[in-house]
Amino acid sequence: MSWAFLRDLLSGVNRYSTGIGRIWVAVVFIFRLLVYVAAAESIWKYEHDEFECNIKQPGCENVCFDHFFPVSHVRLWALQLIMVSTPSLLVVFHVAYRENREKQHHQKLYKSPGEIDGGLLCTYLISLILKTGFEVVFLILFYKLYNGFRVPRLVKCDVRPCPNTVDCYISKPTEKMIFLHFLVATSCLCIVLNLSELSYLICKYSTKCDLKRYTEN
Amino acid sequence: MDWGSLQTILGGVNKHSTSIGKIWLTVLFIFRIMILVVAAERVWGDEQDDFICNTLQPGCKNVCYDHFFPISHIRLWALQLIFVSTPALLVAMHVAYRRHEKKRQFRKGDQKCEYKDIEEIRSQRFHIEGALWWTYTCSIFFRLVFEAVFMYAFYFMYDGFRMPRLMKCSAWPCPNTVDCFVSRPTEKTVFTIFMIAVSSICILLNVAELCYLLTKFFLRRSKKAGNQKHHPNHENKEETKQNEMNELISDSCQNTVIGFT
């Protein structure tokens with residue numbers, strides 16, 4: 001089980017997406033997943049070993065690291081990628097359900113099971129709203145957990161068993177900050193793409209409905 | 001998910017590239033991505049562990065390392081490769097869009113579509129003409145811009161392309177000016193120069209491809225203008241469209257073109 005599973009999942013989703021949806025998949029693959037695997041993972045690999053406090057008191061370093069990094073940036077990033085990709089499964093399941101129904105009834109019930117209309121349109125819209133929601137929630141979580149998107153060089157720690165306020169130094173803070181900003185930028189781009197796709201679908205189908213109503217009248 | 005996936009994505013673009021574009025892709029895969037993965041990552045693997053400062057002051061090493069290497073060479077190269085490969089996706093998307101339109105026409109039973117079946121559309125190779133020419137040229141332009149920007153960023157961040165053996169650091173909490181020693185500086189310099197050289201070759205290939213496309217474009221235009229001059233009674237737009245379509249389908253279609261009136 002690895003990121004290849006997510007990649008295969010998203011490739012399947014691509015088939016039932018609009019043009020903007022395909023751009024979203026490309027952005028997630030290349031600018032988020034690939035950057036995470038090829039670059040970000042290795043930066044945070046030894047974060048605990050390289051976290052150094054100016055003290056010999058046993059346990060102080062461990063406690064301070066845990067205090068300042070309740071969940072590591074890189075794990076939060078991975079969770080975000082998984083949560084943000086999963087709503088697309090709703091669309092895949094719905095299409096599979098449609099195909100199954102056609103097979104059961106042995107007749108063509110839909111113009112095309114993968115065509116975004118009717119119930120599938122609602123599912124697609126819900127998946128877009130969920131994706132956007134997850135993106136926003138994770139961005140807020142990052143902001144709240146780490147007091148903004150900065151990674152300081154030095155943090156002052158006075159948690160027991162540290163005897164006094166102790167200086168602790170984070171490894172590679174600048175590099176981590178650059179990649180954190182990159183994460184935020186791609187997250188915002190994905191939010192914009194999702195919102196554009198949402199507006200596009202709503203406009204397209206309301207125009208279609210109006211035209212239908214007009215021709216019927 | 002790794003560089004192999006990027007290779008699969010870009011491999012699809014290869015079919016619709018010019019010869020210079022294919023050479024560029026080969027250079028990218030073999031001399032940049034492969035070298036990065038099999039060699040460069042090992043050289044930089046222990047960079048912080050073996051970065052040693054002549055002090056026992058806790059935190060000094062971390063701070064000095066961060067001061068001299070705001071972003072590691074390896075990560076910068078990885079980002080450069082990702083950004084430089086991405087414009088090719090514009091071409092892949094344009095080709096996919098064209099295929100989608102042709103499939104739609106085929107399904108409608110449009111007479112203008114001359115394909116026997118969907119498989120032919122799927123395997124058809126598009127010539128770089130019309131709107132696809134603009135997309136392709138834009139993608140090369142963006143590639144050039146990204147390459148140049150990253151090379152400049154490298155030069156700016158590391159004061160040239162050499163990796164020194166010794167760095168003098170006086171960032172707090174280091175008590176005084178402290179000597180810090182970089183691990184494997186010569187090997188890192190060799191690989192840096194290699195990657196910069198290959199980057200320059202890629203820039204030259206992109207410039208050559210751009211010139212080739214522009215030359216082709218102007219030659220085609222002057223040919224068209226020449227034809228119009230000598231044969232003013234030609235039905236211009238329809239005929240040129242017809243000629244373009246003929247060129248487009250000549251490789252893959254066996255049918256004769258249904259004539260336009």
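Proteins get letters first, then strands, A, B, ... in listed order; numbering begins at 1 in each.
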Should the heavy atoms of other residues, nucleotides or ligands under 6.0 Å from [atom1] of [X] be counted, would the total exceed 12?
X        : atom1 : result
B:Met157 : CE    : yes
B:Tyr97  : OH    : no
A:Phe68  : CZ    : yes
B:Tyr155 : OH    : no
A:Tyr46  : OH    : no
B:Leu56  : CG    : no
B:Phe142 : CZ    : no
B:Trp172 : CH2   : yes

I'd like to know if the side chain of A:Glu175 reaches the main chain of B:Phe69, judged simply by a donor and an acceptor atom lying under 3.5 Å from each other, with no hydrogens or angles considered. no
Which portion of B:Ile74 sits near chain A, non-hydrogen atoms under 4.5 angstrom: neither
Please classify the contact of B:Ser85 with chain A as side chain, backbone, both or neither, using a heavy-atom distance under 4.5 Å. neither
Nearest 0.5 Å please: distance from the [atom1] atom of [X] over to the [atom2] atom of [Y].
X       : Y        : atom1 : atom2 : result
B:Glu47 : A:Lys172 : CD    : NZ    : 5.0 Å
B:Leu89 : A:Arg22  : CG    : CZ    : 14.0 Å
B:Tyr65 : A:Thr174 : OH    : OG1   : 11.0 Å
A:Leu34 : B:Ile82  : CG    : CD1   : 4.0 Å

Pick one of side chain, backbone, both or neither for [X], based on which atoms fall under 4.5 Å of a heavy atom in chain B.
X        : answer
A:Asp167 : side chain
A:Tyr36  : neither
A:Cys53  : backbone
A:Leu154 : side chain

List the atom of [X], the atom of [Y], and the distance in Å for their closest heavy-atom pair.
X       : Y        : answer
B:Asp66 : A:Arg153 : OD2-NE, 3.1 Å
B:Pro70 : A:Ile178 : O-CD1, 4.2 Å
A:Glu50 : B:Asn62  : O-ND2, 2.8 Å
A:Ala38 : B:Glu41  : O-OE2, 4.3 Å
B:Met93 : A:Ala26  : CE-CB, 4.1 Å

Select, from B:Ala96, B:Cys60, B:Gly45, B:Pro173, the one with the greatest count of heavy-atom pairs under 4.5 Å involving chain A. B:Pro173
Can you list the steps and then say if A:Ser42 with B:Arg75 is a side chain to side chain contact (heavy atoms under 4.5 Å, CB included)? CA-CA 9 Å; A:Ser42 51; B:Arg75 253 78 66 181; 3.0 Å; yes
Residue, of A:Asp49, A:Ile43, A:Val35, that accumulates the most heavy atom pairs under 4.5 Å with chain B: A:Ile43
Anything under 30° is parallel, anything over 60° is perpendicular, the rest tilted; go ahead and classify A:Phe182 against B:Phe83. perpendicular
